[in-house]
Amino acid sequence: MVFSSFDYTPALYCACENQSIKSELLFLSKYYIIQEVSQCCSFRFLVGGSKLIIFQTTGMVTTKATPQMVSGSLPFHHRFHCDPPVELKTSIPRSGLHLNLKHRVGRMKFLSFKCQKSESATGKARDGLDGALFTEDSGKSAGLTVDPAGAPTAPLTSTDKLYQSVAKNEKLSRIRADSIEDEAWNLLHESIVYYCGNPVGTIAANDWSSTSILNYDQVFIRDFIPSGLAFLLRGEYDIVRNFILHTLQLQSWEKTMDCHSPGQGLMPASFKVRTVPLDGDDSATEEILDPDFGEAAIGRVAPVDSGLWWIILLRAYGKCSGDLSVQERVDVQTGIKMILKLCLADGFDMFPTLLVTDGSCMIDRRMGIHGHPLEIQALFYSALLCAREMLAPEDGSAELIQALNNRMVALSFHIREYYWIDMKKLNEIYRYKTEEYSYDAVNKFNIYPDQIPPWLVEWMPNKGGYLIGNLQPAHMDFRLFSLGNFWSIVSSLATTDQSHAILDLVEAKWADLVADMPFKICYPALESQEWRIVTGGDPKNTPWSYHNGGSWPTLLWQLTVACIKMNRPQIAEEAVRIAEKHISRDRWPEYYDTKGAKFIGKQSRLFQTWSIAGYLVAKQLLVDTKGAKILMNEEDLELTNVFSSVLGSNPRRKRPRKGLKKTYIV
Ligand code: GLC
């Protein structure tokens, strides 16, 4: 492949020899008027009416060359990908080249433009598809405009027809699906962040069309989990190892907010690689890792989930790579213990669940999830199990393991008993007596039956159930939070019956939870006065948007692991199939809005890395379901036994005075 010339007008010329790639190009025609230039396999992408010659192929590029848009040169992150790689004959280093394009082209044209007349589009039919789609007016007549984010704001009726035709053709569909994966891999690799030349993570979003970057240019711990898993499942272990060890260093960073320091075990929400002048040498620079523990985050939210995810990834790394030397390192063992110390520290709490502030997990802004949100509890339980597996049997750790066991017994009992809801339980709550002052109260948390929301009475299917979002004194948050439910299945926090029932509910409520794009982050949305009071009138979390009932493609991977664990992968397969219909065409949004997940989210970033990685992990696991084992925790039968012995028939025995064993303090 030879680098030919630059011309800063927004169209791309490329050529290829591979016939099958033509179908892939048809897919791209959703946004571009594609013109067949010369020979049977040369294409010209005309966007703004004139052409940008980025490169062209010479000689035989008959390998799996996948012509994709050059990242940064267009509002797409498609990239010419060749396997085996073909050398670009240019003196400009790759990264320099992209920066260049990003700056010059990105700013020049793509913030806002209309599809213009393409001078010489032939309109010639290809692959049995409607030739009219390629005529010069195809974009114009459909009134296609591109918004500042590069998204079409009006449907292209003619290209929609094309899309349908492509979908009808089984062969082409298969090719397209393959190319979605290829594209996703390219994008994931594009998102890699380097520190001193080594890969250490992936950037949250690579959306160059976005005018406000905020902290989406950072590596988020929680966002990296699907990236890390995708790399692990593909045998690319280094980046995960580096990520684990570098974030570990950040754990002991000095962190303060207005002179107050949180516990030392806290893991950052995110970090950024910065280039700073070298001390004492004005001419030299060095790279540093700059973490954010919530001191800079919007709302100053503490990322409680980061450390829990870190432990889960650490175990997955060992299981997948076979390299146990990382988890055995003294600093890593200390890191695990520091996280546990924070989580197991005694407080005022009556409940075994972890008490956190609002916004301490994936939902990282005010959404009324302070207290004991399910997501944190599921990750906590999973991290306890993973840590127990990894802690080295040495002096001192026996007591810690005892403490873990105690907490796990209490935690799983609490969640299984008090968070579970189905038709039967709902009916029990409906008939609850209140104000019971006694040790053996049925309605322990003094829930007023009036709290049962009217939507739930209608919505709850006869078969199926779920774990509610939160439980506090006199308060049950009946919203369904997907991640917490999926991870309760994965970690065996939910019983086997409950796990199946959750998936039964997912099937029964498919139209509400999946609709046009998997998966609703929570259901239902807070509306009207409730939205105003609970979110504080947050304009980003309006009903059915973002955290408030928005649909997040990244949740595909957690759904997939849960389905595989329960031996029901077909549910995840169907969800992936739905996502594949338009996720790539929509440019991998962070989230979708509306009840039916019909629109790309109002403030959604495009090319959101965990949407890309989540899709890839789901695909990888569905091909080889054994891979899911690196994440799953099997039910601990010993714990279950302790469990049943604690629950005797005498209710007073439900509250043993001395507890099972003394709580451990590190
Ligand atoms: C948003 C999400 C959060 C995610 C971050 C980076 O703040 O709520 O979960 O980690 O974006 O993608």
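Residue indices begin at 1 and follow the sequence shown. Atom set for the values below is all heavy atoms of this structure, side chains included, hydrogens, waters and symmetry mates excluded.
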Novice: Side chains of D624 and Q620: donor-acceptor distance under 3.5 Å anywhere?
Specialist: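 Looking only at side-chain atoms, Q620 and D624 do not form any donor-acceptor pair under 3.5 Å.
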
Novice: Could you grab the distance from atom CZ of F243 to atom CG of L245, nearest 0.5 Å is fine?
Specialist: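 CG of L245 is found 11.0 Å from CZ of F243.
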
Novice: Can a donor-acceptor pair be found, under 3.5 Å and without considering hydrogens, that links the side chain of Q333 to the backbone of M390?
Specialist: yes

Novice: Under the side chain to side chain contact (heavy atoms under 4.5 Å, CB included) rule, collect the residues that match up with C361, sequence neighbours excluded.
Specialist: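 With neighbours one apart ignored, the set is D305, I369, E375, I376.
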
Novice: Hey, are D331 and R329 close enough for a salt bridge, meaning a charged N less than 4.0 Å from a carboxylate O?
Specialist: yes

Novice: Excluding sequence neighbours, so at least two apart, what forms side-chain hydrogen bond (donor to acceptor under 3.5 Å, both in side chains) with Q377?
Specialist: none

Novice: Hey, could you give me each pair passing ring-ring contact (aromatic ring centres under 6.0 Å, His included) that has a residue in residues 332-351? Not counting sequence neighbours.
Specialist: F351-H372, F351-H414, F351-F445

Novice: In chain order, what residues pass the side-chain hydrogen bond (donor to acceptor under 3.5 Å, both in side chains) check against W487, with sequence neighbours excluded?
Specialist: S382

Novice: Can you list everything that forms a salt bridge (Lys or Arg N to Asp or Glu O under 4.0 Å) with D497? Sequence neighbours excluded, please.
Specialist: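 Testing D497 for salt bridge (Lys or Arg N to Asp or Glu O under 4.0 Å), a comparison that skips the adjacent residues, returns none.
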
Novice: Is there a donor-acceptor contact under 3.5 Å from the side chain of D422 to the main chain of G464?
Specialist: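 Here the side-chain-to-backbone pair does not exist.
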
Novice: Go through F519 and F486 one step at a time and tell me if the ring-ring contact (aromatic ring centres under 6.0 Å, His included) criterion holds.
Specialist: CA-CA 11 Å; F519 204 98; F486 296 156; 4.9 Å; yes

Novice: If only atom types and distance count, is the side chain of S360 paired as donor or acceptor with the main-chain N or O of T357 below 3.5 Å?
Specialist: yes

Novice: Of all residues at least two apart in sequence or in a different chain, which pass the side chain to side chain contact (heavy atoms under 4.5 Å, CB included) check with S551?
Specialist: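 Checked S551 against side chain to side chain contact (heavy atoms under 4.5 Å, CB included); matches are K520, Y592, A597.
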
Novice: Tell me which donor-acceptor pairs under 3.5 Å the side chains of residues 231-241 have, and how far apart each pair is, sequence neighbours excluded?
Specialist:
unit_1, atom_1, unit_2, atom_2, d
R234, NE, E236, OE2, 2.7
E236, OE1, H189, NE2, 3.0
E236, OE2, H189, NE2, 3.4

Novice: Taking side-chain hydrogen bond (donor to acceptor under 3.5 Å, both in side chains) as the test, write out the residues that go with S611, two or more places apart.
Specialist: none

Novice: For A628, enumerate each residue passing the side chain to side chain contact (heavy atoms under 4.5 Å, CB included) test, keeping only those at least two apart in sequence or located in another chain.
Specialist: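 By the side chain to side chain contact (heavy atoms under 4.5 Å, CB included) rule, A628 matches V561, I564, L621, M632.
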
Novice: Is it true that K433 and E428 have a side-chain N and a carboxylate O under 4.0 angstrom from each other?
Specialist: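 Salt bridge flag = no for E428 with K433.
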
Novice: Mind jotting down which residue pairs meet the salt bridge (charged side-chain N to carboxylate O under 4.0 Å, His left out) criterion with at least one end in residues 549-570? Sequence neighbours excluded, please.
Specialist: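 Residue pairs passing salt bridge (charged side-chain N to carboxylate O under 4.0 Å, His left out), neighbours aside: D504-R568, E507-R568.
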
Novice: Does a donor on one side chain sit under 3.5 Å from an acceptor on the other, for N405 and R388?
Specialist: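 Result is yes, a qualifying pair exists.
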
Novice: Working note: V219 + I203, criterion side-chain contact (heavy atoms from CB on, under 4.5 Å); need CA distance, chi angles, decisive distance, verdict.
Specialist: CA-CA 5 Å; V219 179; I203 193 172; 5.7 Å; no

Novice: Given side chains that start at C-beta, do those of V442 and E436 come closer than 4.5 Å, heavy atoms only?
Specialist: yes

Novice: Using the side-chain hydrogen bond (donor to acceptor under 3.5 Å, both in side chains) criterion, which residues pair with N443? Sequence neighbours excluded.
Specialist: none

Novice: Find the distance between OH (Y546) and CD1 (I521) and round it off to the nearest 0.5 Å.
Specialist: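 With rounding to 0.5 Å, OH (Y546) is 8.5 Å from CD1 (I521).
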
Novice: Applying the side-chain contact (heavy atoms from CB on, under 4.5 Å) criterion to C386, which one of K319, Q327, R315 satisfies it?
Specialist: R315

Novice: Taking K341 for its side chain and G265 for its backbone only, find out whether a donor-acceptor pair lies under 3.5 Å.
Specialist: no

Novice: Measure the spacing between CG of D358 and CE of M367 and express it to the nearest 0.5 Å.
Specialist: 8.5 Å

Novice: Would you please name every residue forming a side chain to side chain contact (heavy atoms under 4.5 Å, CB included) with A184, sequence neighbours left out?
Specialist: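 With neighbours one apart ignored, the set is W588, I612, Y615, L616.
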
